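Being a predicted model, the structure only gives us computed values, none of them experimental. Chain naming here is simple, since letters A, B, ... match the order of the sequence lines and numbering starts at 1 in each.
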Amino acid sequence: MASFPDDTPRHSGGDAIAEMVDALPLVDHHCHGVVRETLDRPAFEALLCEADRPGPWHGSLFDTQVGFSVRRLCAPILDLPPHVGPDEYLERRAELGADEVAGRLLRATGISEFLVDTGFLQDRLTGPDELAAYVGARAHEVARLEPVAEQVIAERGAGTFADTCRSRLADASRTAIAFKSVAAYRVGLDLPPERPSDAAVFTAAVRWASEIAAGAPARLADETLVRFLIWTAVDLGLPLQFHVGYGDADADLAHGDPLLLTPLLRATAGRGVPIMLLHNYPFHRHAAYLAQVFDHVFVDVGLAVQNVGGDGAARVLAELLELAPFGSVLFSTDGCGLPELFHVGTVQFRTALTGFLERETRQGRWSPVDAERVARLIAGDNARRAYRLGSGAPPTD
Amino acid sequence: MASFPDDTPRHSGGDAIAEMVDALPLVDHHCHGVVRETLDRPAFEALLCEADRPGPWHGSLFDTQVGFSVRRLCAPILDLPPHVGPDEYLERRAELGADEVAGRLLRATGISEFLVDTGFLQDRLTGPDELAAYVGARAHEVARLEPVAEQVIAERGAGTFADTCRSRLADASRTAIAFKSVAAYRVGLDLPPERPSDAAVFTAAVRWASEIAAGAPARLADETLVRFLIWTAVDLGLPLQFHVGYGDADADLAHGDPLLLTPLLRATAGRGVPIMLLHNYPFHRHAAYLAQVFDHVFVDVGLAVQNVGGDGAARVLAELLELAPFGSVLFSTDGCGLPELFHVGTVQFRTALTGFLERETRQGRWSPVDAERVARLIAGDNARRAYRLGSGAPPTD
Amino acid sequence: MASFPDDTPRHSGGDAIAEMVDALPLVDHHCHGVVRETLDRPAFEALLCEADRPGPWHGSLFDTQVGFSVRRLCAPILDLPPHVGPDEYLERRAELGADEVAGRLLRATGISEFLVDTGFLQDRLTGPDELAAYVGARAHEVARLEPVAEQVIAERGAGTFADTCRSRLADASRTAIAFKSVAAYRVGLDLPPERPSDAAVFTAAVRWASEIAAGAPARLADETLVRFLIWTAVDLGLPLQFHVGYGDADADLAHGDPLLLTPLLRATAGRGVPIMLLHNYPFHRHAAYLAQVFDHVFVDVGLAVQNVGGDGAARVLAELLELAPFGSVLFSTDGCGLPELFHVGTVQFRTALTGFLERETRQGRWSPVDAERVARLIAGDNARRAYRLGSGAPPTD
């Protein structure tokens with residue numbers, strides 16, 4: 001244990017599978033922007049995992065799998081030895097400046113396309129083009145549904161709520177590559193599958209407007225209205241992403257199990273609209289089952305892969321691949337705020353996928369040809385097909 | 001990776017445990033018949049996993065763990081190289097004919113007794129004797145409860161519903177080895193434990209009959225009547241199987257967690273009737289817990305073992321064996337339609353069990369004598385005891 | 001497989017991490033006493049796992065992971081060869097006498113502090129000091145909430161119920177190191193987060209007293225009163241333990257998922273009172289998530305580690321460490337009745353932790369310095385901090 005290699009240890013040798021996986025350009029089908037300001041330690045820790053901030057009981061949030069991963073994997077990209085202490089790491093980060101750090105870390109990811117959710121921390125995070133510019137990648141916008149409703153109710157009130165939402169989402173669909181719902185954060189995923197009537201939407205909008213008039217914040221947390229947005233999005237035909245499972249304490253994870261979406265998935269099957277279940281941990285086996293029985297369901301374990309450490313990422317990916325058809329699995333980082341999260345997410349994804357494929361081929365269970373084909377599906381081809389990216393053809397590499 | 005062995009790679013060497021496990025005759029305590037017609041690719045894929053059929057988004061259902069397993073494990077049995085493409089595989093299959101294919105694949109399983117659920121796709125699948133004849137094995141019938149009620153309501157109406165059901169199930173109990181309920185597909189497993197009164201059964205039967213008279217199909221989905229059937233079966237003293245967990249999209253997996261059965265398991269303890277929880281994935285750790293705290297509960301991970309790939313099967317079996325008493329674990333394939341599923345299920349079961357026992361003995365945690373004893377329990381002795389098969393004595397081998 | 005080492009095989013060589021972990025004194029933050037009488041085989045099996053007793057279907061409860069672990073790990077401590085049969089083991093146990101057996105097994109654990117739940121089988125188990133005396137360790141009492149209410153209602157009735165409970169718990173807080181709730185066994189963990197009003201408590205106490213007057217046992221199973229006890233404990237500022245997940249058939253595991261506690265955890269955040277989620281299996285990934293997003297939540301996988309075998313313990317610990325901050329993870333045995341359970345729990349914990357740390361350091365993901373620091377946190381430093389043990393300083397070792 002006296003020394004460590006000073007570059008990213010994605011693979012142990014000159015193995016063909018590791019080289020193949022390392023060279024794959026990735027489509028990150030769900031992420032956010034990064035912050036451009038210099039971060040002190042509390043601010044950095046607040047963005048590191050799903051805890052809001054470090055507290056008095058647990059000590060530093062660097063003492064987590066993702067904290068250790070940052071120190072191991074990102075430090076060398078900033079010319080530091082692996083496992084460097086948090087304070088040294090943050091000093092070097094400040095010295096280089098946020099833009100240089102973001103550029104180095106994002107370029108190391110090998111991501112060729114970013115699908116960026118623009119509905120969270122909008123004032124603080126880089127926009128899609130700004131993010132992609134760090135690496136010369138392509139960027140696409142994923143439009144959140146709930147903020148649209150919140151703008152409409154604030155600007156117009158309840159009177160023409162349904163029509164105005166429909167019109168704004170139709171506008172959004174002309175520039176966005178997909179929609180996203182954070183129903184899990186607002187009302188949970190136990191949603192009745194029926195499309196609400198316009199009368200029901202009107203009633204709910206009136207109630208919401210009156211709550212806002214009485215001083216409540218314009219935060220959408222009404223099940224009828226959330227379902228209205230979902231069905232409006234489905235009508236517009238874009239892929240629809242759902243936050244599922246792991247997230248911060250604002251969500252109630254007990255209501256974030258993807259199995260709760262079963263009735264809605266049944267109701268939306270056969271409409272030509274893919275549904276993307278994001279994150280899914282610790283319910284990723286449930287999500288994989290849904291992807292098997294519903295052809296229009298796609299799944300990932302982004303966010304988890306970056307948070308659970310290298311060993312955990314291998315386990316989680318393998319569990320997802322138990323039931324999920326190989327044509328249904330997507331890659332994402334869910335990187336948000338810190339460029340470190342994109343780097344950790346991609347390295348741990350590539351390492352986990354390599355380990356998986358090496359085990360399968362070494363045992364003779366999979367042929368190398370199949371292993372490479374599945375790697376390409378997950379790394380990007382599935383996303384290119386589901387989101388109809390570019391000409392539909394995968395980029396040459 | 002240049003070449004593969006052309007026979008089934010159950011084990012890597014001449015290891016004693018692998019040889020012992022490979023030689024064990026298996027009691028498949030839950031399966032279905034196979035189809036005798038030649039299958040084109042869509043028809044084959046429709047039977048391959050729990051997706052109804054391939055759809056426009058995910059590509060071929062051969063791109064699943066079970067699809068890869070068929071190409072790897074079954075191709076050599078049909079004189080093809082491993083990993084052969086789906087079309088070549090299906091051509092060779094058609095060339096040999098369904099009966100020759102079934103005979104080869106089923107003989108390779110080493111199954112000595114089949115317990116066959118005859119209540120599904122009855123017109124299309126071989127019956128128990130027909131299935132067993134392929135390999136010279138013994139066959140037993142498992143009688144589904146719900147179709148009996150559906151026949152009674154269709155033929156007799158609600159008038160003597162309870163008595164007629166009781167009488168028909170009593171008749172069935174004279175030839176069947178066990179009963180099975182698909183409550184999970186009809187009303188979910190969150191069943192009140194109480195035996196419904198005859199008055200409640202009558203009321204429910206009248207309602208059901210009137211729905212049928214109004215044009216509804218005679219499909220039982222009434223909780224009271226499902227519970228009535230379960231209690232009638234318990235009274236008759238045969239082992240009772242429950243579909244639990246993983247299945248197709250007709251079931252709602254959120255209502256298929258075996259923990260939902262806890263009150264019913266508590267109510268049926270001490271009656272001398274074993275309850276078999278089938279499949280259980282992804283809730284197999286929950287099922288294992290139930291098997292520990294309820295002596296009359298038996299568990300398997302059939303269906304999962306055939307679907308999750310070789311690596312997944314090892315993981316799932318190991319997770320089941322965390323809490324399940326070794327005397328409570330059963331083997332099944334849940335093979336249905338395709339003889340390939342029996343072959344994949346048995347090879348992956350034997351490989352997973354071998355890997356588990358080799359790890360335990362290599363680490364010195366288990367003695368080889370205990371390892372062999374547990375292998376025999378799971379492979380067949382537990383089923384022979386629970387189902388009172390033959391003289392109760394395990395066959396010599 | 002011809003011979004086994006006759007001492008505990010915690011590690012395979014002279015590895016630094018294994019030696020470091022083996023030498024760590026452990027704070028067992030949740031356990032019970034042991035029985036002092038000689039146990040025959042049925043009595044021993046009744047204490048071995050969470051089954052009440054062996055039954056007619058599964059055979060001996062020695063045929064479980066924990067049964068095999070006892071035969072492997074405890075036999076050598078009693079001068080027997082590993083894997084000795086149950087009857088031989090129990091004969092030797094009787095020959096040595098319960099006290100000698102307890103002393104040998106408990107000394108082998110390396111536990112330096114016991115936090116003992118005194119509210120279960122009080123007449124049959126050793127008290128904290130008696131337990132600690134076997135090994136010269138320190139003992140602390142963990143006071144159960146529910147028995148206090150049961151004493152108050154029996155002795156005083158409903159009249160001054162709330163005030164008397166408050167006063168008795170305040171008394172208990174002067175000698176106990178923590179409180180514990182078995183809400184999971186009584187009303188489930190789906191608890192509304194609000195503190196009940198004194199009027200609501202009075203009404204519930206009157207109803208309970210009248211049920212007792214009508215012949216019901218004085219067993220607390222009223223949600224309002226359980227919540228009253230929890231809030232009273234929180235007011236007193238001691239750490240509060242919750243039974244979560246795995247336990248015996250008295251609990252309904254479906255209502256023991258820690259995610260059900262989310263609203264209560266949100267309501268108790270920021271009050272300076274740590275909440276300890278005990279056991280958690282098979283929901284330990286859920287618990288780890290809660291520990292990440294709530295700074296005052298601590299987690300363990302005690303009870304599971306002793307029950308799931310060596311391989312299972314490694315898996316369960318690794319799954320817990322996916323999301324749980326390293327500053328939130330505690331060690332416990334949940335040993336109860338049999339000193340064997342303390343020994344199995346500690347050996348399997350040390351082995352699992354060693355394996356985890358060796359894998360991380362061997363892959364270069366963690367530095368050896370970090371590995372040792374995390375080991376110390378989990379083994380005892382987190383508990384010393386959370387329970388404010390002694391001077392807060394870890395013992396030298």
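The side-chain contact (heavy atoms from CB on, under 4.5 Å) check on Glu372(C) picks up Met20(C), Arg376(C), with sequence neighbours excluded. Listed by chain and number, the residues in a side-chain contact (heavy atoms from CB on, under 4.5 Å) with Asp79(A) are Arg92(A), Arg104(A) (sequence neighbours excluded). Residues passing the side-chain hydrogen bond (donor to acceptor under 3.5 Å, both in side chains) test with Asp63(A), sequence neighbours excluded: Arg373(C).
The main-chain N or O of Val297(C) is found under 3.5 Å from a side-chain atom of His58(A) such that the two form a donor-acceptor pair. Judged by distance alone, the side chain of Arg285(C) and the main-chain N or O of Glu319(C) form no donor-acceptor pair under 3.5 Å. The main-chain N or O of Ala18(A) is never found under 3.5 Å from a side-chain atom of Arg350(A) such that the two would form a donor-acceptor pair. The backbone N or O of Ala288(A) sits nowhere less than 3.5 Å from a side-chain atom of His286(A) that would complete a donor-acceptor pair.
Across Cys49(A), Gly309(A), Gly67(A), the residue that shares the most heavy-atom pairs under 4.5 angstrom with chain C is Cys49(A). Among Ala254(A), Ala249(A), Ser60(A), Ala304(A), the residue making the largest number of heavy-atom pairs under 4.5 Å with chain C is Ala249(A). Residue with the most contacts toward chain C among Asp252(A), Asp311(A), Asn307(A), Asp248(A): Asp311(A) (heavy-atom pairs, distance under 4.5 Å). For the set Pro282(A), Ser69(A), Gly55(A), the entry with the most heavy-atom pairs within less than 4.5 Å of chain C is Gly55(A). Here Pro56(A) is the residue among Ala313(A), Gly312(A), Pro56(A), Gly59(A) with the most heavy-atom pairs under 4.5 Å with chain C.
Of the two parts of Arg71(A), only the side chain, counted from C-beta on, holds a non-hydrogen atom closer than 4.5 Å to a non-hydrogen atom of chain C. Neither the backbone nor the side chain of Leu290(C) comes within contact range of chain A; no heavy atoms are under 4.5 Å apart. Contacts between Asp257(A) and chain C at a heavy-atom distance below 4.5 Å are absent for every atom of the residue. Of the atoms belonging to Arg359(C), it is side-chain heavy atoms, and not backbone ones, that fall under 4.5 Å from chain A. Neither the backbone nor the side chain of Gln348(A) comes within less than 4.5 Å of any heavy atom in chain C. Residue Phe294(C) touches chain A through both its backbone and its side chain, counting heavy-atom pairs closer than 4.5 Å. Residue Phe62(A): no heavy atom, backbone or side chain, is found under 4.5 Å from chain C.
You'll find the ring centres of Tyr387(C) and His140(C) outside the 6.0 Å limit. Taking the six-membered ring wherever Trp is involved, the centroid distance between the rings of His279(A) and His284(A) does not fall below 6.0 Å.
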- Pair Asp28(C)-Ser332(C), side-chain hydrogen bond (donor to acceptor under 3.5 Å, both in side chains): steps then yes or no: CA-CA 4 Å; Asp28(C) 186 350; Ser332(C) 80; 4.6 Å; no

- Stepwise ring pair (Phe, Tyr, Trp, His ring centres under 6.0 Å) check, Phe331(C) with His29(C): CA-CA 6 Å; Phe331(C) 165 76; His29(C) 90 109; 8.4 Å; no

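For the pair Arg195(C) and Asp235(C), the salt-bridge criterion is met [side-chain N within less than 4.0 Å of a carboxylate O].
Contacts with chain A (heavy atom to heavy atom, under 4.5 Å) involve these residues of residues 258-269 of chain C, listed by number: Leu259(C), Thr262(C), Pro263(C), Arg266(C).
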